[in-house]
Amino acid sequence: MSIAPATSDWFEGNGRDLPWRRPGFTAWGTLVSEFMLQQTPVVRVIPRLEEWLDRWPTPADLAAAPSGDAVRAWASLGYPRRALALHAAAVAITERHVGVVPHDVPSLLALPGVGDYTARAVAVFAYGHRHPVVDVNIRRVIARAVHGQGEPGPAAKRDLADMEAILPESVTDARRANVAIMELGAVVCTARSPRCDACPIADQCAWRLAGYPAFEGKRAPVQKKFAGSDRQVRGLIMAELRASDVPVTADEVALVCALEEQRVRALAGLLADGLVVAVDDAYQLPD
DNA sequence: CATGCGTGGGT
DNA sequence: TACCCAAGCAT
């Protein structure tokens with residue numbers, strides 16, 4: 001028996017009121033929200049999303065702006081390469097799709113920064129098509145409720161088929177099941193401390209029925225330490241450039257990272273990624 | 001398939 | 001305090 005019906009019923013009364021669930025929210029808004037939600041928590045996304053859509057209400061609006069403006073508006077959401085990719089996606093939508101966010105998964109997948117999750121999320125949430133949508137929340141709910149495993153482990157090809165197997169036939173039911181199971185994973189079946197007392201499928205959860213066995217399988221790789229990392233230095237340099245109206249000199253860059261070897265490596269990476277461009281003897285966000 | 005890629009809040 | 005974790009993607 002599928003976990004979809006009980007979870008969908010629960011969602012009707014318990015789903016959060018989020019901007020991208022408002023009636024009339026555009027496909028472009030959905031695409032922007034999904035980019036921002038790639039590894040950034042909901043509460044941090046909401047204010048940036050609303051600013052973004054006020055400033056660039058359509059893909060063509062963003063495509064007409066310098067990519068550096070997108071990087072600056074991204075602010076401290078993290079992983080600024082997503083801002084660059086979103087700008088590039090807006091250009092592609094404007095040039096190849098007459099300014100309309102594409103409906104079909106292959107066309108969405110062809111956009112920069114769009115992978116399996118985002119492509120299906122847009123096709124389903126913005127356009128109502130029937131596809132399995134698989135994010136880490138859904139993988140965790142399936143791992144527990146269906147497979148009896150406490151953790152989802154690394155993402156795998158099998159995940160899409162697992163979700164397809166519990167997806168209702170009807171288009172509207174399938175859409176609701178995707179949203180509802182994702183929401184369950186986000187607010188009830190959480191990674192750290194699941195609230196099984198509030199779970200609508202507790203009575204059919206294989207993990208709970210087995211007595212919460214410890215996870216034995218392959219784990220998703222743990223992130224490396226952030227303090228002192230190249231990633232931290234990249235972030236410090238980007239924050240400095242975002243805050244400056246004028247190009248930043250090499251000496252000024254050195255103020256955020258005294259270790260020359262690491263500073264040079266981080267800057268070279270940012271230049272290679274196109275997040276920073278060199279002008280004369282200084283650095284700035286791209287045009 | 002493993003790794004690198006930001007940032008901030010939770011435990 | 002040190003992790004852990006968050007609607008992933010590209011290589």
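Hydrogens, waters and symmetry mates play no part in the numbers below; they use all other heavy atoms, side chains included. Letters A, B, ... mirror the listed sequences (proteins, then strands); counts begin at 1.
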Could you go through residues 41-70 of chain A and list every donor-acceptor pair under 3.5 Å that involves a side-chain atom there, pairing it with any protein atom two or more places apart or in another chain?
from	atom 1	to	atom 2	distance (Å)
A:Arg44	NH2	A:Ser76	O	2.9
A:Arg48	NE	A:Glu51	OE1	3.1
A:Arg48	NH2	A:Glu51	OE2	2.8
A:Thr58	OG1	A:Ala60	N	3.4
A:Thr58	OG1	A:Asp61	N	3.2
A:Thr58	OG1	A:Asp61	OD2	2.9
A:Asp61	OD2	A:Thr58	N	3.1
A:Ser67	OG	A:Asp287	O	3.0

_5' to 3' contact window, DNA chain C with chain A (heavy-atom distance under 4.0 Å)_ =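 Both ends considered, the range comes out as C:dC4 to C:dA10.
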Tell me the interatomic distance from [X], atom [atom1], to [N], atom [atom2], rounded to whole angstroms.
X	N	atom1	atom2	answer
A:Arg231	B:dT7	CZ	P	10 Å
A:Gln38	B:dG4	CD	C1'	15 Å
A:Lys225	B:dT3	NZ	C1'	18 Å

*May I ask you to say what A:Pro154 touches in the nucleic acid, namely base, sugar-phosphate or nothing, with a heavy-atom cut-off under 4.0 Å?*
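No contact.
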Side-chain donor-acceptor contacts of residues 149-172 of chain A below 3.5 Å, not counting sequence neighbours, with atom names and distances?
from	atom 1	to	atom 2	distance (Å)
A:Glu151	OE2	A:Arg219	NH2	3.4
A:Arg158	NE	A:Asp162	OD1	2.8
A:Arg158	NH2	A:Asp162	OD1	2.9
A:Asp159	OD2	A:Ala156	N	2.8
A:Asp162	OD2	A:His147	NE2	3.1
A:Glu164	OE2	A:Arg130	NH1	3.2
A:Glu164	OE2	A:Arg130	NH2	3.3
A:Ser170	OG	A:Thr172	OG1	3.4
A:Ser170	OG	A:Asp173	N	3.0
A:Ser170	OG	A:Asp173	OD2	3.4

Find every protein N or O atom lying less than 3.5 Å from an N or O atom of nucleotides 8-11 of chain B, and list the pairs.
none

*asked:* Please list, in numerical order, the residues of residues 238-247 of chain A that have a heavy atom closer than 4.0 Å to any atom of DNA chain B.
replied: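 Only A:Arg242 qualify.
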*Starting at the 5' end of DNA chain C, which residue's closest nucleotide do you reach first, A:Arg140 or A:Asp116?*
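Between the two, 5'-proximity favours A:Arg140.
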*Under 30°, 30 to 60°, or over 60°: which ring-plane class applies to A:Trp207 and A:Tyr212, parallel, tilted or perpendicular?*
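Perpendicular, since the angle between the ring planes exceeds 60°.
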*Can you tell me which residue pairs pass the salt bridge (charged side-chain N to carboxylate O under 4.0 Å, His left out) test with a partner in residues 102-118 of chain A, sequence neighbours excluded?*
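Non-adjacent pairs meeting salt bridge (charged side-chain N to carboxylate O under 4.0 Å, His left out): A:Asp116-A:Arg120.
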